[in-house]
Number of protein chains: 2
Amino acid sequence: MSETQRLPRSDNRLKLVLDEAARLFREKGYAATSMRDIAAAAGMLPGSLYYHFTAKEDLLVAVYEEGVRLITEKVQAAVARHERPWERLEAAAVAHLEALLKTGDYALVVIRVLPRDVPGAAARLLRLRDRYERLFAELVAALPLPAETDRDALRLMLLGSLNWSQHWFREDGRATPRAIARSYIRLLREAQKP
Amino acid sequence: MSETQRLPRSDNRLKLVLDEAARLFREKGYAATSMRDIAAAAGMLPGSLYYHFTAKEDLLVAVYEEGVRLITEKVQAAVARHERPWERLEAAAVAHLEALLKTGDYALVVIRVLPRDVPGAAARLLRLRDRYERLFAELVAALPLPAETDRDALRLMLLGSLNWSQHWFREDGRATPRAIARSYIRLLREAQKP
DNA sequence: CAGAAAAACAAACGACTGTTTGCTTTATAC
DNA sequence: GTATAAAGCAAACAGTCGTTTGTTTTTCTG
């Protein structure tokens, strides 16, 4: 009955594998990234990846989970620094966009790789993303808005435009993630003044 | 010197190939769709596709071109029915979203397949999409807005949120493409009233 | 230091990839 | 009606795909 369990070895390269997988999934997408690409980037042989993950889909899910964790963490920390509803939403929008465009690869994979493109893991990916987006639903619910304002539309419009910005954003430009998120919030906020 | 040029045959299946390619590219994305998938869907052998297209990338470009043509056509027709700037932009937004979510496969491929995912054709795809998006820049430029309003942000926010709706829109729901586009416009428009 | 588990190597499996080549069928044009 | 070009078939090319299996190396644990 002695289940001999041992701690991971100190020289293990799981973290490196995840980092390189995140980078490649973000750069080329899921289907266009091969297990051989990831293995080569991590300096190991293709078959070795299967010691850590039983399938390519599980590797993606692991990256996805870390991405959601990172964004959630940043957004929650940013929101906690404010008290007024609109300022909390603005802080969330800024943190969300900075996580996507500045933090690195994990976060971007979450909105770059579409769940429907990974049939065997779509359900798991959607569950992760839905849980995160509920954060924004709560922030929008707390806004002081005229009764006729469509809160769902407001939330979807904000998140949609933020997420889409990955496709046109250029690092060199003068528009920072923070400035973009703020201008979007301003466009929405002005509309809701009595 | 007699260059014997002949008309395409009446039984040719080029249109069918394009239709099936558009459907598959929309459903599974570019990388996950194989030439064999397309050939099988069109009821022919893989090699036969190369009579019509010299490479998979060219097949995508052909679908893309038709998609841009369709959206442009619908948006221009819708805009022409109105005179006041905000109504013209709203008509464009509605037509854009209906083209994506109702018209069919060609239009959706244009925003579903990312140019960067098709290295050999990225430049061609981007040129097509930029030309189309200039339509919206003109419509936004014509809006009567306060001097401090950021017109670029407004355009990017509108198009971004419209394009992102492909990811959450469900046909069964009560929200039609028309209603979604109108609620987005309303959120922006109210903000700009003096 | 000995034993065991962790982590990776080495090599291959069959299936699938985009594409090419040569040949055949068939509608069109004169 | 017959030459001719359009369209597609049939079969294969070399390469890549995700994954499996057996073995080896290396670190940790007692």
Side-chain angles (χ1 to χ4, degrees), chain A residues 1-22 24-25 27-64 113 117-122 124, chain B residues 1-22 24-25 27-64 113 117-122 124:
Chain A
M1 269 302 213
S2 73
E3 290 286 333
T4 45
Q5 195 85 345
R6 206 181 268 191
L7 289 175
R9 272 160 59 171
S10 58
D11 66 338
N12 115 16
R13 287 185 276 173
L14 173 58
K15 180 68 172 17
L16 175 62
V17 168
L18 283 170
D19 284 352
E20 295 301 326
L24 288 164
F25 285 151
E27 283 178 5
K28 321 203 305 170
Y30 175 76
T33 300
S34 73
M35 292 297 269
R36 282 172 175 80
D37 291 339
I38 298 168
M44 55 203 295
L45 295 179
S48 306
L49 296 175
Y50 290 82
Y51 176 76
H52 300 285
F53 303 95
T54 61
K56 187 186 177 188
E57 287 175 347
D58 295 325
L59 178 44
L60 173 67
V61 170
V63 170
Y64 215 90
V113 175
D117 287 351
V118 194
R124 279 178 287 171
Chain B
M1 271 299 219
S2 73
E3 288 288 331
T4 44
Q5 195 86 344
R6 208 180 266 191
L7 288 175
R9 270 160 61 166
S10 59
D11 64 340
N12 112 22
R13 289 184 273 171
L14 172 59
K15 180 69 170 18
L16 175 62
V17 167
L18 283 169
D19 284 351
E20 296 300 327
L24 288 165
F25 285 151
E27 284 178 6
K28 322 204 303 170
Y30 176 75
T33 300
S34 73
M35 293 297 269
R36 281 172 176 79
D37 291 339
I38 298 169
M44 54 203 293
L45 296 180
S48 305
L49 295 175
Y50 289 81
Y51 176 75
H52 300 286
F53 303 96
T54 61
K56 187 185 176 188
E57 286 175 346
D58 294 327
L59 178 43
L60 173 68
V61 170
V63 170
Y64 216 90
V113 175
D117 288 351
V118 195
R124 280 178 285 172

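Letters go in sequence order (proteins before strands), and every chain restarts at 1.
Atom CG of D11(A) and atom P of dT24(D) are 20 Å apart (whole Å). Taking atom CZ on R9(B) and atom P on dA6(D), their separation rounds to 10 Å, with Å as the unit. In this structure, the CG atom of N12(A) is 18 Å from the P atom of dA5(C), given to the nearest Å. Rounded to whole Å, the distance from CZ on R6(A) to P on dT26(D) is 16 Å. The distance from atom OH of Y51(B) to atom C1' of dG18(C) is 20 Å, rounded to the nearest whole Å. Atom pair M35(B):CE and dC17(D):C1' shows a separation of 18 Å (rounding to whole Å applied). One atom, CD1 of I38(B), and another, P of dG18(C), lie 8 Å apart when rounded to the nearest Å. Counting to the nearest Å, the C1' atom of dA7(C) and the NZ atom of K15(A) are 18 Å from each other.
At distances below 3.5 Å, not a single donor-acceptor pair connects side-chain atoms of D19(B) with backbone N or O atoms of L16(B). Of the possible polar contacts, none joining the T33(A) side chain to the K28(A) backbone as a donor-acceptor pair under 3.5 Å is found. The backbone N or O of M44(B) lies less than 3.5 Å from no partner atom in the side chain of S48(B), so there is not a single donor-acceptor pair.
Shown are Y50(A), Y64(A), F53(A); of these, the side-chain contact (heavy atoms from CB on, under 4.5 Å) with L59(A) is made only by F53(A).
Residue S10(B) places at least one side-chain N or O closer than 4.0 Å to OP1 or OP2 of dT28(C). Close to dG8(D), at under 4.0 Å from its OP1 or OP2, lies a side-chain N or O of H52(B).
Looking at heavy-atom distances under 4.0 Å, L49(A) makes no contact with the nucleic acid at all.
A distance of 9.5 Å separates CD of E20(A) from CD1 of I38(A), quoted to the nearest 0.5 Å.
Heavy-atom distances to DNA chain C give each of P8(B) and D37(B) a nearest nucleotide, and the one nearer the 5′ end belongs to D37(B).
Using a 4.5 Å cut-off on side-chain heavy atoms (C-beta onward), D58(A) and R124(A) make contact.
Cation-pi geometry between K56(B) and Y30(B) is met: the NZ or CZ atom falls under 6.0 Å from the ring centre, inside 45° of the normal.
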Check nucleotides 9-13 of chain C for protein N or O atoms closer than 3.5 Å to its own N or O atoms and list the pairs.
unit_1	atom_1	unit_2	atom_2	d
dC9(C)	OP2	L45(A)	N	3.0
dC9(C)	OP2	S48(A)	OG	2.7

